[in-house]
There are 2 protein chains.
Amino acid sequence: MTTISAGPDATSDSPGVRHVKRPTPLRESVYEALTEMIIDGTLERGRHLVEVELAGMLGVSRQPVREALQRLNNEGWVDLRPGFGAMVHVPAEDEVDQLLAARAALESESARLAARNPDKDAVAKLKELCKVGAGLQESGDIDGAVRTNAELHGLITEMSGNRFLVDFAGQVDRRVRWYYTPVAPVRGAASWREHTRLVKAISDGDEDKAAQIMREHTEHTRKAYHELQAGAAPEQTPVVEKKPTRRRRTTD
Amino acid sequence: MTTISAGPDATSDSPGVRHVKRPTPLRESVYEALTEMIIDGTLERGRHLVEVELAGMLGVSRQPVREALQRLNNEGWVDLRPGFGAMVHVPAEDEVDQLLAARAALESESARLAARNPDKDAVAKLKELCKVGAGLQESGDIDGAVRTNAELHGLITEMSGNRFLVDFAGQVDRRVRWYYTPVAPVRGAASWREHTRLVKAISDGDEDKAAQIMREHTEHTRKAYHELQAGAAPEQTPVVEKKPTRRRRTTD
DNA sequence: AAATGGCACTTGGTAGACAGTCTACCAAGT
DNA sequence: ACTTGGTAGACTGTCTACCAAGTGCCATTT
């Protein structure tokens, strides 16, 4: 949930203890709501986010919104300009590359560690996810396939048993998901074949192979993104053009 | 500075433009102050941090303190318990391992990318840092050596040209520095020899070698930490034992 | 057409208030 | 001796109101 800390819900205390749901702080809900709105495009890239506006929109006061915005800023979803406000982040062209490079490092290491300790149940779940994902892909449910993809990658990082890899890879994955969804349709089928090979390597405990497949997998994703980009957007698409619709001064 | 975003101070605009220093937001200063106090031990592990107390201590109001605390929570320096407050994080025993495993992945990838594009000036700076660091180590200035070590690692990640690696590795490094400082004395000399070899590999543009040396380097650090730990604390050292010293019921 | 001045808007920070919750403690009951 | 119930204090989470300072835009002036 948080970035690094040992999330209180991630801790598996002695089996049998079930913490009752603690009332989620508003800032958390606001944070979730905003990321969701950014990912699904309700809040377009470059859009000017005004605290009171969001507060009204979500039915809370400025405070939780501020706190959520700062977290969003820290994680790169929005850019905070002092004295002006927050803008939904507009990705630079080289950003996806860097994101995927980081992901390659994080997740290939995760895959290696997962293969080093291939828990039976987890591997079964992986196989299940592969099957489901390929099915969704084939049936054209792109959104579902992307979500399943995220779930699979998430599970693999968790199998690494490394809290930090989980957190970092989680952040990166969510960002990738934001940029990547339009690419998924073309990339899909091959991607799921690779997943299947990857799961096999993990299940066999073949560290090097698992790490390498994951690395290549990410690399293929990167290539697919670029090909699509080159083909689809030869003309500059100006994403940012949301003039804040200033009110006239005189009339009202 | 922040976690992922393109830090506004990291941007090197067209040469010649010199942004006047903008008054740093208070929350930033508070954040810095608190991490410093945590690292140097002024705020002991497990200590309960009270907002108004810190606010008074730093001469600001609650709000900036809250914002700083939330960031500290996101980055794992403190644990925030809803309705109760923040406690300075108490590291689990396996945490250093996980931290160093993550660091191995992040920095060995960084070293690889740095070697792929070994900027002349940066390499010169690296060599300089190696010399300085070894000197400090020899002269017994541990604090300085640790700082120089951080600087060297930081520069290498920056040479990767990958904003995300820089951010993540930066976070991890700061955390490592927190746990690691007591280990530095014993580890020092060998560490700086490895640095020298690493810099040579980068300067030669030998990707694989650079990545591997960095990985082994981190692994050695991990081993050193464990040896020290095993030697210095054979008896369980309960860091958190603030049993509330239950008062006897009868006598007083 | 470009510089200038002014204005509206937004954030950053402060202060105070209040409900909900967490902890500790105490007392009575079993 | 152990559990239960109750009480009190402390602290957070959230809201409201407010002010100073900074930012960007517009209209006017040059």
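Just so you know, these numbers come straight off a predicted model, no measurement behind them. Excluded from the calculations below are hydrogen atoms, water molecules and symmetry mates; all remaining heavy atoms, backbone and side chain alike, are included. Labels below follow one simple rule: chain letters A, B, ... track the order of the sequence lines, proteins then strands, and each chain is numbered from 1.
Just one of R222(A), R175(A), R45(A) meets the salt bridge (Lys or Arg N to Asp or Glu O under 4.0 Å) condition when paired with E95(A); it is R175(A).
Legend: residues meeting side-chain hydrogen bond (donor to acceptor under 3.5 Å, both in side chains) with D94(B), ordered by chain and number and at least two apart, are Q98(B). The salt bridge (charged side-chain N to carboxylate O under 4.0 Å, His left out) check on D40(A) picks up nothing, with sequence neighbours excluded. Scanning for salt bridge (charged side-chain N to carboxylate O under 4.0 Å, His left out) contacts around E128(B) gives an empty result, with sequence neighbours left out. Residues meeting the salt bridge (charged side-chain N to carboxylate O under 4.0 Å, His left out) test with E51(A), sequence neighbours left out: R62(A).
Electrostatic pairing of E75(A) and R174(A) does not count as a salt bridge here, judged by no charged N lying under 4.0 Å from a carboxylate O. The pair E109(B)-R103(A) does not meet the salt-bridge criterion, since no charged nitrogen lies less than 4.0 angstrom from a carboxylate oxygen.
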So what's the dot-bracket for DNA chain C: Watson-Crick or G-U pairs under 3.5 Å, [ ] if a pair crosses, | if it pairs off-strand?
-> ||||||||||||||||||||||||||||||
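Closest approach of T35(B) and E32(B) over heavy atoms only: OG1-O, 2.8 Å.
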How does protein reach along nucleotides 10-16 of chain C, written 5' to 3' as B (base within reach of a heavy atom under 4.0 Å), S (only sugar-phosphate), or - (no contact)?
-> BSBBB--
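Put simply, CG on N73(B) is 13 Å from P on dT12(D), counting in whole angstrom units.
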